[in-house]
Amino acid sequence: MIPAEFDYERPVSVEAALASLAEHGENAKIIAGGHSLLPMMKLRLATPAVLIDIARIPELSYIREDDGDIAIGAATRHADVVDSALLAARVPLLPHVAQLVGDRQIRHRGTIGGSLVHSDPAADMPNAVLALGATLVIAGPSGLREVHADDFFTGFFESAVGPDEILTEIRISDEAGRAGWAYEKFTRRANDWAIVAVAVSGGRVALANMGPTPLRARATEEALASGQSIAEAAALADAGTEPTQDMHATRDYRRHLARVLTRRALETAAAR
């Protein structure tokens, strides 16, 4: 299908983008890579009157060390995450997971910030960022504010970014980045959305597609912290989850996958 008619703006700074959002209000949508928004527009599930393109704002695309942490601009492409030597050395979970996002064309256009704000519970990057315990920096009319990954994903396709705000940066502590890590993803085809995925970083375990948002496997985390074995902790991975049932998997099968993949991920992380 063809999207409804819309106007297009390309601001040169975050301040200009925020001004455009303020001017157009609910009629405007932010776009970067477009892989989340454009399909919805083609199906007329989203009909913004104005698209505000932030993909080429220089201050939103970078990967660098900042005061001991790793900082990633929200408009940084997945392909740049994959190729980053700094991330490979300091936060290896992220480039590993970015390599699993879609295909080469998607990785060279899609952005890490776009994936996080879209908040698809089956997506890879939200799950990885949750496992890493990242901090998300959001710009708005009142300035900058920080939201921990635990509080960022608020509902099905919903995030803590307000309609007049822009996600600008992802910050990961050096300790979290260097922790033992692993990622397990079960799909029908290599570049599909996860039927279930598990991300592990240190003592944090995150689950994709086991509820309306990416979830912490808290029962598993608590079991590990109390000294239980990996097998015992992994058997609790689906506790408190709300998996859906669809053409790809039943609820019980998703629960089974969560337990199996969590055990595999924990074993891999422990060996690193």
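We use all heavy atoms of the structure for the numbers below, so side chains are in, but hydrogens, waters and symmetry mates are not.
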Looking just at side-chain N and O atoms, do Tyr253 and Gln245 make a donor-acceptor pair shorter than 3.5 Å?
no
Audit row: His248, Trp193, ring pair (Phe, Tyr, Trp, His ring centres under 6.0 Å) steps and yes/no:
CA-CA 11 Å; His248 301 302; Trp193 301 104; over 10 Å; no
Enclosure of Glu242 CD (heavy-atom neighbours >12, cutoff 6.0 Å)
no
Could you check whether any side-chain heavy atom of Val200 comes within less than 4.5 Å of a side-chain heavy atom of Thr268, counting everything from C-beta outward?
no
Say whether, by atom type as modelled, one donor and one acceptor occur between the side chain of Glu221 and the main chain of Arg218 under 3.5 angstrom.
no
Under 3.5 Å, side chain of Thr262 to main-chain N/O of Arg259, donor-acceptor pair present?
no
What is the minimum heavy-atom distance between Ala55 and Ala75, and which atoms define it?
O-CB, 4.3 Å
Give a yes or no on whether the backbone of Ile54 and the side-chain of Arg10 come within a donor-acceptor separation of less than 3.5 Å.
no
Between Arg204 (side chain only) and Leu130 (backbone N and O only), is there a donor and an acceptor less than 3.5 Å apart?
yes
Is a side-chain N or O of His148 found less than 3.5 angstrom from the main chain of Asp150, in a donor-acceptor match?
yes
Under 3.5 Å: donor-acceptor pair, side chain of Glu267, backbone of Arg264:
no
Result of checking Thr168, Val12, Val14 against Glu59 for side chain to side chain contact (heavy atoms under 4.5 Å, CB included):
Val14
Regarding Glu9 and Ser20, do their side chains bring together a donor and an acceptor under 3.5 Å, going by distance alone?
yes
Backbone N/O of Asp124 and side chain of Asn127: donor-acceptor pair under 3.5 Å
no
Looking at Arg171, I'd like to know if its CZ atom is crowded, meaning that more than 12 non-hydrogen atoms belonging to other residues, nucleotides or ligands lie closer than 6.0 Å.
yes
Donor-acceptor under 3.5 Å (Asp103 side chain, Ile106 main chain)
yes
So, Thr244 and Arg251: side-chain donor and acceptor under 3.5 Å apart, yes or no?
no
